Amino acid sequence: MEPVRRKALVDAALRVIGDHGSLAVTMSDIARQAGVSPALAHHYFGSKEQLLIETIRSLLRQLRRDTVAALKAARTPRERLSAVIRVNFHADQFAPDTIAAWLAFYAEAQRSEETRRFLVIYASRLRSNLLADLKTLLPADAAERIAEGAAAMIDGLYIRQSLKSAPIGIEASIALTEDYLNALLAAASPSPHENRGRSPQTIQGQMT
């Protein structure tokens with residue numbers, strides 16, 4: 001029963017954090033949501049802080065699993081870029097509780113070095129996944145710039161989604177990010193007609 005109860009507590013923590021909109025929750029709040037006693041919650045995790053760290057680990061593991069599966073199903077570099085975008089706006093990742101939890105962890109990262117470290121891991125993975133395929137389509141400097149911009153746009157749309165007065169849905173968020181990516185890919189990739197008669201060094205220079 002231990003793995004089942006540990007997962008129940010992590011899921012409960014995610015819901016409670018989402019409801020409160022912050023990490024200012026108690027172990028009793030989480031245990032009550034999971035339907036177990038606070039003593040049992042402490043038995044499995046020791047402290048609220050350890051449970052919260054396991055919660056963010058769980059979010060990262062799920063996002064990584066979804067990303068790996070989506071990338072395996074894609075056939076071309078451009079399809080893989082779209083897969084990365086869509087995974088980050090998957091219904092599970094874009095659920096209100098999940099978004100609220102991510103924002104709470106970002107706030108906590110200003111005080112907690114361990115929380116900040118996990119968020120750096122998330123940001124590094126997102127950038128790496130975008131950059132790997134952008135580098136097959138563009139010069140390295142252009143790929144770096146577009147990867148940074150696309151990652152920032154994904155994070156920014158998460159923040160916009162948290163504004164209840166101006167919610168942006170999953171498909172609209174995907175479309176906005178795809179439009180951004182398509183525009184920059186087109187701008188950074190000269191047409192064959194433009195490249196005719198030019199040296200590789202000249203083309204490379206115009207992309208920087």
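Source: prediction; values computed, not measured.
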Listed partners of [X] passing side chain to side chain contact (heavy atoms under 4.5 Å, CB included), at least two apart:
X	result
S112	E108, E114, T115
S128	none
D97	R15, D19

With sequence neighbours excluded, residues passing side chain to side chain donor-acceptor pair (under 3.5 Å) with E171: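 E171 satisfies side chain to side chain donor-acceptor pair (under 3.5 Å) with R86 once adjacent residues are dropped.
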
Residues that E178 engages under side chain to side chain donor-acceptor pair (under 3.5 Å), provided they are two or more places apart: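 Side chain to side chain donor-acceptor pair (under 3.5 Å) check on E178 returns R78, S82.
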
Heavy atoms from other residues, nucleotides or ligands near CZ of R75 exceed 12 (cutoff 6.0 Å):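 Open: at most 12 neighbouring heavy atoms sit under 6.0 Å from CZ of R75.
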
Flag side-chain contact, heavy atom, 4.5 Å: V84 against D133: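 Counting from C-beta outward, V84 and D133 never come under 4.5 Å.
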
pair I17-I30: side-chain heavy atoms closer than 4.5 Å: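 Answer no - side chains too far apart.
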
Path from I121 to L126 over hydrophobic side-chain contacts below 4.5 Å: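 Yes, I121 connects to L126 through the hydrophobic network.
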
Residue pairs, two or more places apart or on separate chains, that pass ring-ring contact (aromatic ring centres under 6.0 Å, His included) and touch residues 59-92: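 Passing the test, one end in residues 59-92: F89-F94.
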
Under 3.5 Å, side-chain donor or acceptor atoms of residues 43-51 against the rest of the protein: list the pairs with distances, not counting sequence neighbours.
residue : atom : partner : partner atom : Å
S47     : OG   : Q50     : N            : 3.2
K48     : NZ   : L23     : O            : 3.1
K48     : NZ   : V25     : O            : 2.8

Go through the structure and list residues passing salt bridge (charged side-chain N to carboxylate O under 4.0 Å, His left out) with [X], not counting sequence neighbours.
X	answer
D66	none
D11	K7
R32	D29
E113	R116

Any pair counted as side chain to side chain donor-acceptor pair (under 3.5 Å), so long as it reaches residues 117-127, sequence neighbours left out: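 For residues 117-127, and leaving out neighbouring residues, the side chain to side chain donor-acceptor pair (under 3.5 Å) pairs sorted by first residue read Y122-D155, R127-E144, R127-E148.
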
